[in-house]
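See below for the structure under consideration.
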Amino acid sequence: MSIFRNLFQKKHNDESLHTALLQMQGKFKNFMSILESNNKVLKLISDMEEKSQGDYLFDINYLTKIISEIKLGATDIIDHLVMLGGKKYLPLKDIRNGLFNLIDDILSRKIRVIRDDYCRLFNRIGAGDTLSFGDKNARLGEMASELNLPIPEGFAISAWAYKSFIDKNDLGTRISDRIQEVDIKNYSDLNKTGDEIGKLILNSPLPEDLSDKILQFYYELGSGREDYFVAIRSSALGEDAELSFAGQYASFLGVSESALLDSYKKVLASKFSPNAIYYYLSHNLDESELAMSVGCVKMINARISGIIYTQDPVKPDDNCMIINSIYGLGKHLVEGAVTPDIFRVSRDDNTIISSDINSQTSRLVMNQDGALYYENIPKSEQDLSSITESELATLMDFASKIEDHYGEPQDIEWAIDKNGHPFILQTRPLRLIKPPVRKEMPDTTGFQLLVSGGTTVCPGGGSGPAKHIKSPADLYVVSKGDIVIASHPFPELVTVIGKISALITVIGSVASHMATIAREYRIPTIVGMNGVTGIEEGMAITVDAGACRVYRGNLDELVEAIKPEFDLFNDDPLFNLLKKLLRYLSPLHLIHPLDDDFIIENCRTIHDITRFAHQKSMDEMFKGADLIKRDDWVGVYLKSSIPIRVEIIYIDKDMPKMPKKRVIEPEQIESLPMKAFWNGVIQEGWPQPPPVNSKGFISVVANTAAKQHKGEFAKKSFAVLSKEFMILSLKMGYHFMTYEAMCSDVISKNYIKMQFKEGGASVDRRIRRIRLITNVLKHFGFENSTKGDFLDTSVSYESRESMLEKLRILGRLAMLTKQLDMAMSNDAIANWYTEDILNKLKQL
Amino acid sequence: MESKIAGELMIPLNKYPHIPYWFSMRHAIAELTHSQLEIDGVQSLPRAVLVFDDEYNLMGLVRRRDIMKGFEPENFFGSEAHYSQHLFEAKQDPDLLEMSSERLHKSIEERAEQTVSAIMTPIKATVDYNDHLFKIIYEMNHYQISMLPVIKDDAVVGVIRTVEVISQIAKNLGIKLET
């Protein structure tokens, strides 16, 4: 305030005036910085909102980058607000830091491990236990505890147990340091790092109380027996929830008591397999907080097993479930090592629409010692359906229950034991991809078709040199843009999936873990394409994954034509991540500046912070000028036929030195927005003074509202201007208005904001006037927010010319609504005035 | 006999139409035709609009008659017609009869834009909120007016018209009011 006081003291010398002016211009620069950052942050948030509509493709780098820009902008806003308004705005920094922490946690999928039991039986685990036992374990528990579906008996080892193990052996920092150094693009480095960390884990002892507890649960599960086998599977926190992690962690089948604790550690170590490291580094995850829970269930020696997709992931509109079934244990299937029997079953009436029985020559089984081995299937059975119709019906029933429960499509693993008992082994959300909308296709008659067939896992097209991969060891040679042709979709392929153009496998089904990952990364992928092995190494080829065709040469025209629109459904993990982030960015809780709860403490999102800072910075600018006594003003005055004394400070100009030059004509206004606004004011003009003979009339103040505002009436109006910017505080009778406008040649910077409050008439009439103004402004594209007799209205993103025209209209409206509240005795008359004013404004 | 005070008989100010002095006759007509007054369940159009200045001081009122005067023929022709004194002559005025409807319409539009301050009737008297019926009757008779502003604590809080006075007298006489 002292800046303003210094600036407007009458007895000043030129030097002090100049200094004060500079100080004020500095203050104004802070204000402008707030506006600019505000604008930038709001644009970024709206870009994210647009992406959240599902029409645009984005990746994790987009999210990381945009969040970092939003954070910079928000920090800038608060810093400048503190410079402008002082320490009272410092608490905003704490709120900002709190929000940043939440946002960072979401972005890194950071999950705080909570203290809990080391172990718990599955039938005592439910949906609320994801933070202790991971999503996969919690869902399995839910199958039993809430849906009464059959699951294998078992228990889960918590994330807290993992943390205790890591802490006890002081492994956290050592692992993090090693991970920091890894070159994500180098498979051998990933492999080496994974090995080193794996050894670190395997060589560290479990805390005694933990190993005791695991064994205690194991014995209780076996009712004292020590000769039974369990399956041990990962359930990392965050696994299956936001990102699928499908198949990235190890599972062990046929585990006996003697191997139990080591197997547990091996599952923990698999968190650092090369493919797992690649996966979470490529998704910007923080490995240190991605704790691992482990499930431990009685081994089901499955006669048959498989996967159910409750919808076709690539043709969701087909309204059918897909059931994949193989002989033996399901590990064989999810690793993509076999082509299963595939049944498409109508979701309406459970009828089988199609069945694709594939010859199966071997099956994975467990012997009496818990060892897994492949045994040949008798020839007479190889070409028969692995599953009966009644078994299909039972599984369909389970699947419908599960999908209904979660309200979204599911990817379910199941098994049926040798006694015919079905079990649900796992369920997770199914990622769906809408088929691409095919644009005009190029004429393919001239293209040389090399191979066709197989099944689409993820549609789209890609071209590049063919690269045959037989095992993970070959992955070293994969380069950016290659088309990988693999024998089967093994999990290690994830380490190259970020850089390849397309993926083709000779065997495999849409049910493999790799298929889930391919859809997640949106890599055009075909599985089960037999003839592909004949393609020459290094040959330039083009893949049309949607049509299951491979052509010779780089057919960029085709690739472009079949590029998917990526109108992915809402269950896309990145999409969910974006929506979670938006919760702390986008909602606006501070609506009306006059509300009691328009306070720092109620800033709950970044949007709230921008709203609060914008309003308060305006207030600070206005307050500064408002406190100056009329006689102290040394800015310029606007000479006008209208009896409103508008006092002007130019922020981009020196003050006139001579008092005579302190009065300017409207034509001399150099600020574009102010000039446009004032032209509107003059166009409507000010009412003539009342007739002289009115002196004899009785003069009494009409009502208490007006009496209360007697003092306000004398308040001055002022403007702070630059060439393209205006803030204007206008007192007109008993109501006052503040205007803020930017009219530049950059459309994205332009906006007008007006706040209109109070009046001399009774509240109901003032509210009717606000309603009238709102209705009028709506016609001119303004967005309005009202509360009682307070209006907050704005318009943005329009050309300079359009903004100037709107300002002229606001100027006219200011005149046309002056003390109009007085006349608003009922809704009918208010409507009449609305029409009347609209008609007037439509005339030039 | 029941004796009511002005405050009990008046129409509260917030129910009565009022406009600033610079509003036009057109505005006053809109107010008179769009403002339904509901008093004791009876709806009626107001016969006048109160006029205030920009500091919300009461200046006068515009009655239907004032508006009629605003459209007097003399104003069409820009000369003194003395209409009220030469009623017969005006009816026979050949110029008026021959005036085109277009010109008439245009003239009405133009006249309608004059401010109400030019045609309003000044406030000749007021009554206090606590004044009794007889004081009201006295003031109305004395000043030959049919509406009085009611003042309380130096502020206008409502208006009282002859119709409220008559209604009160009727009640005192036991005459049942039609609703």
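Order of the sequence lines sets the chain letters (A, B, ...), proteins ahead of strands, with each chain counted from 1.
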**Fill in**
The salt bridge (charged side-chain N to carboxylate O under 4.0 Å, His left out) partners of R765(A) (sequence neighbours excluded) come to none

**Item:** salt bridge (charged side-chain N to carboxylate O under 4.0 Å, His left out) partners for E667(A), two or more places apart
**Value:** none

**Item:** Part of D836(A) lying under 4.5 Å from any heavy atom of chain B
**Value:** side chain

If you count the non-hydrogen atoms of other residues, nucleotides and ligands that lie under 6.0 Å from [atom1] in [X], is the total more than 12?
X       : atom1 : result
R47(B)  : CZ    : no
E783(A) : CD    : no
N141(B) : CG    : yes

**Item:** Nearest heavy atoms of P20(B) and Q819(A), plus distance in Å
**Value:** CG-O, 3.7 Å

**Asked** With only heavy atoms counted, which part of F23(B) is less than 4.5 Å from chain A, the side chain, the backbone, both or neither?
**Response** side chain

**Request:** Any chance you could measure L820(A), atom CG, to I19(B), atom CD1, to the nearest 0.5 Å?
**Result:** 10.5 Å

**Message:** Parallel, tilted or perpendicular, judged at 30° and 60°: which one describes the rings of H27(B) and W832(A)?
**Reply:** perpendicular

**Message:** Counting C-beta onward and ignoring hydrogens, is there a side-chain heavy-atom pair between K15(B) and S825(A) closer than 4.5 Å?
**Reply:** no

**Asked** Where the side chain of N826(A) meets the backbone of H34(B), is there a donor-acceptor pair that is under 3.5 Å apart?
**Response** yes

